[in-house]
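Each chain gets a letter, A, B and so on, in the order its sequence line appears, and its residues count up from 1.
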Amino acid sequence: MGGMDRLLKDLNEAQLEAVTATEGPLLVIAGAGSGKTRVLTRRLAHILRQRLAQPHQVLAVTFTNKAAGEMRERVRELLGTDVPGLTVSTFHSFCARLLRREAESIGYTKDYTIFDADDARTLVKNCINDLGLSGSQFSPRAQIRKISDAKNKLITAEEFASRASGYFESTTAKIYRRYEQRLRQCNAMDFDDLLVNAVILLREKHDIGQHYRQRFQYLMVDEYQDTNHVQYLLLKNLVGEHNNICVVGDEDQSIYGWRGADIRNILDFEKDFAGAKIIKLEQNYRSTAIILKAAGAVIRNNQARKDKTLWTAIDGGDNVNYMLVDSADEEASEVVAKIDAMREAVPVNQMVILYRTNAQSRAFEEHLRRRAIPYQIIGGVGFYERREIKDILAYLRLLVNPKDDVSFARVVNFPKRGIGAKTLQDMALLARETDQSWYQVATRWHEYDLLASRGKRLKPFVELIEKYREQADSRPTDLLVQDLIDELNILQEYRQEDEIQGQTRVENVEAFIEGVAEYSAQNPEATLVDYLSEISLYTDLESYEEDEPAIPLMTIHSAKGLEYDIVFLVGLEEGLFPLARATEDPSQLEEERRLFYVAATRARKRLILSSATTRHRFGVVESIPSRFVEELPIDLVERIDRRTGRTAVSNTPAESLSFFGPRHQTRRSPRQEQPKGVHYEFEGEEQFRPGRIVQHPTFGRGKIVNTEGFGESLRMEIMFTGAGLKKIMAKYAKLRVVG
DNA sequence: AGATTACGATTTTTT
DNA sequence: ATCGTAATCT
């Protein structure tokens with residue numbers, strides 16, 4: 001058998017067509033769970049196997065490093081060999097590498113620094129101060145937001161200024177302009193610049209653009225629905241005459257509008273790329289029919305979508321569960337109880353807890369820890385964003401790029417050297433006057449009267465940096481970092497600050513050093529610049545260990561592209577999901593709905609939803625169940641009201657899902673009449689009653705101390721002879737009454 | 001300069 | 001409630 005057959009095996013008709021349609025523009029509309037990754041990887045492998053192109057002539061772009069890594073690995077498996085030269089990369093790291101090579105032609109050096117969101121905000125804050133504006137009227141956060149929006153539309157500071165009207169906009173224009181100037185002075189780019197500058201490079205440096213257009217014979221893009229205008233332009237400027245571009249996406253899963261993603265990119269693909277072929281993948285291989293029906297019923301309420309119908313061969317399935325509880329704490333305790341009960345039957349890494357905002361993770365963490373269930377939190381404050389790591393990184397970045405004022409300001413007085421705000425301010429002033437970086441001014445402190453009195457403090461700092469700078473090229477980075485940490489006595493510093501937090505800081509620093517060592521071992525050729533560049537684009541998603549026996553907790557955004565047997569989707573409340581600010585704007589509301597859709601379609605077998613009736617945000621606020629819950633087909637949902645302990649059984653189409661009577665919101669789809677007459681089921685409490693002795697498969701023999709809830713939701717506190725007191729859900733624990 | 005305190009904003013999601 | 005920043009004190 002030829003290898004070709006294997007690459008084309010086990011594909012449905014649409015998938016096969018997508019894999020083999022290699023020439024010309026192709027849009028693959030890939031519904032959730034429709035085998036998108038499989039198509040992409042097979043297609044890539046097919047192109048290589050058929051020798052339609054050399055590996056270095058193929059470019060595949062994804063959004064996350066994780067997705068890129070997986071694609072690379074799967075292609076390798078399919079071809080049974082490494083594929084040197086093949087580029088499978090994220091938009092950002094592709095651009096970063098391109099810019100490293102060509103930095104000089106746009107006025108940067110190869111050593112340019114990549115500013116993360118935090119650095120960018122700091123720099124904007126400096127700009128606001130430079131312009132003598134009040135930080136309260138122009139918050140760095142809001143300003144960087146506006147600047148980023150502009151960049152994502154490829155609007156330069158000049159264009160922004162010329163379009164600006166009114167005081168606020170023209171002030172933002174000034175801040176934008178100053179920010180751009182400062183970035184260049186720092187030899188730094190923010191995340192948006194990576195894309196913007198790459199586009200400018202390809203577009204305006206004709207020979208460079210031509211070079212890459214000729215090189216890449218085949219382009220493939222994953223998650224096309226999440227591309228923004230700049231990313232679109234990047235692709236446009238990379239596609240050569242052959243026009244071989246294949247994009248894969250699903251408009252129903254577009255969830256990055258807030259970051260400038262433009263859903264029109266996918267909706268207008270046929271117009272943008274003449275002669276485009278469109279293939280729809282509509283068979284879902286992941287979820288049960290019930291889950292798909294439920295998710296589909298919700299997404300149908302969106303206007304901005306092409307109609308498509310996903311279908312699955314997996315008939316039936318368990319009903320969607322919906323749990324109403326009193327508080328965030330109870331929500332966590334209920335969810336964790338269910339997980340605990342189910343974990344005998346389902347491996348914990350086949351379940352997931354999904355929430356709208358990172359802040360929600362906390363309650364779950366506590367309860368998971370209490371029950372000693374292993375978990376891993378994905379996202380939130382990433383490893384490289386922690387203070388202690390950023391401190392060390394700032395030193396390294398300054399070594400590599402002495403123009404990096406943001407890093408300089410971060411380390412010049414850490415650990416404390418008696419160089420305070422006033423000194424920094426004076427240096428900034430001198431830097432501005434003499435057109436140098438802050439560090440450069442510091443190295444020449446003796447030339448300036450203004451700094452003369454601070455020489456005693458500045459000199460040792462400069463000498464320290466210079467000493468390490470000389471070593472940066474020759475000494476292995478992990479040893480360099482180790483020396484630096486020892487010499488600065490940073491760990492002691494953290495311990496002194498706060499005993500408890502200091503300890504985790506120390507551990508993180510140690511983990512960091514290990515990470516550096518590992519990196520150098522794996523990439524012996526790599527320089528410090530390479531390393532810094534790589535971790536600038538690292539996200540916490542990469543740290544997710546899918547095989548680890550721990551339950552993952554993450555935001556819905558992070559869960560895109562993943563799948564689980566059992567999905568707990570929590571915090572379904574108006575104001576939280578959908579978020580309050582999204583409820584005003586129909587297009588934002590639709591994005592929230594897509595988010596719900598993404599969450600629901602992560603589930604293979606069971607979907608368990610929950611809302612709390614009170615949730616403290618800043619003070620106690622009542623909350624009502626999310627409108628998305630009401631959009632679910634009633635006969636597919638089994639609800640449990642934890643406050644009354646009642647279980648409303650499915651197949652009671654009679655009842656409205658609204659616990660609070662009719663809602664004022666207008667519904668798009670008219671619902672049938674809703675006669676009263678709720679049906680509740682009580683069962684189980686007969687045999688499981690306090691005092692009874694039961695047998696549990698793992699905990700052994702125990703006595704029921706207390707029971708709560710009824711029916712499906714009956715749970716018990718049981719004192720086991722060996723294992724002590726446990727809370728157990730009757731439904732999942734295979735309990736046998738023995739006395 | 002550095003530490004302490006008080007106040008105020010702040011919660012979306014991430015490369 | 002928590003975090004970060006600004007004002008105030010040592």
Q: Taking side chain to side chain donor-acceptor pair (under 3.5 Å) as the test, write out the residues that go with A/E573, two or more places apart.
A: A/R615, A/S623
**Q.** All pairs passing salt bridge (Lys or Arg N to Asp or Glu O under 4.0 Å) where residues 191-200 of chain A contributes a residue, at least two apart
**A.** A/K151-A/D193
Q. Taking only residues two or more places apart in sequence or in another chain, which ones pass side chain to side chain donor-acceptor pair (under 3.5 Å) with A/E388?
A. A/R505, A/N508
Q: Taking Watson-Crick and G-U wobble pairs with both distances under 3.5 Å, convert DNA chain B into its dot-bracket string, 5' to 3', dots for unpaired and | for cross-strand pairs.
A: ||||||||||.....
Taking only nitrogen or oxygen atoms into account, show me every contact under 3.5 Å that the protein makes with nucleotides 12-15 of chain B, one pair per line with its distance.
unit_1: B/dT12; atom_1: OP1; unit_2: A/R581; atom_2: NH1; d: 2.7
unit_1: B/dT12; atom_1: OP2; unit_2: A/R581; atom_2: NH1; d: 2.4
unit_1: B/dT12; atom_1: O2; unit_2: A/R356; atom_2: NH1; d: 2.9
unit_1: B/dT12; atom_1: O2; unit_2: A/R356; atom_2: NH2; d: 2.3
unit_1: B/dT13; atom_1: OP1; unit_2: A/N358; atom_2: N; d: 2.8
unit_1: B/dT13; atom_1: O2; unit_2: A/W258; atom_2: NE1; d: 3.2
unit_1: B/dT13; atom_1: O2; unit_2: A/R356; atom_2: NH2; d: 2.6
unit_1: B/dT14; atom_1: OP1; unit_2: A/T555; atom_2: OG1; d: 3.1
unit_1: B/dT14; atom_1: OP1; unit_2: A/S558; atom_2: OG; d: 3.0
unit_1: B/dT14; atom_1: O4'; unit_2: A/R259; atom_2: NH1; d: 3.2
unit_1: B/dT14; atom_1: O2; unit_2: A/R259; atom_2: NH1; d: 3.3
unit_1: B/dT15; atom_1: OP1; unit_2: A/T539; atom_2: OG1; d: 3.0
unit_1: B/dT15; atom_1: O4'; unit_2: A/R259; atom_2: NH2; d: 3.3
unit_1: B/dT15; atom_1: O2; unit_2: A/H92; atom_2: NE2; d: 2.9

Q: Please report, rounded to the nearest Å, how far the P atom of B/dT11 is from the CD atom of A/E573.
A: 19 Å
Q: Provide the full list of salt bridge (Lys or Arg N to Asp or Glu O under 4.0 Å) pairs with a residue in residues 532-543 of chain A, sequence neighbours left out, each pair given once.
A: none
Q: List for me each residue that meets side chain to side chain donor-acceptor pair (under 3.5 Å) alongside A/H367, sequence neighbours excluded, and say none if there are none.
A: A/D329
Q: Mind calculating the distance between CZ (A/R121) and C1' (C/dC3) to the nearest angstrom?
A: 11 Å
Q) Looking at A/F628, does the NZ or CZ of A/R593 lie under 6.0 angstrom from its six-membered ring centre and within 45 degrees of the ring axis? A) no
Q. Between C/dA6 and B/dT11, how far is it from one P atom to the other, in whole Å?
A. 16 Å
Q. How would nucleotides 1-7 of chain B be written as a contact map, 5' to 3', with B for base contact, S for sugar-phosphate-only contact and - for no contact, using protein heavy atoms under 4.0 Å?
A. SSS----
Q: Kindly write out the residues that satisfy side chain to side chain contact (heavy atoms under 4.5 Å, CB included) with A/T555, not counting sequence neighbours, or none if the list is empty.
A: A/Y355, A/N358, A/H557, A/S558
Q. Which pairs with one or both residues in residues 358-370 of chain A pass salt bridge (Lys or Arg N to Asp or Glu O under 4.0 Å), sequence neighbours excluded?
A. A/E365-A/R369
Q.
Nearest whole Å is fine: how far is B/dT10 P from A/Q360 CD?
A. 20 Å
Q | Partner set under ring pair (Phe, Tyr, Trp, His ring centres under 6.0 Å) for A/Y108, not counting sequence neighbours | A | none
Q: For A/Q253, check side chain to side chain donor-acceptor pair (under 3.5 Å) against everything at least two apart and list the hits.
A: A/D250, A/R602
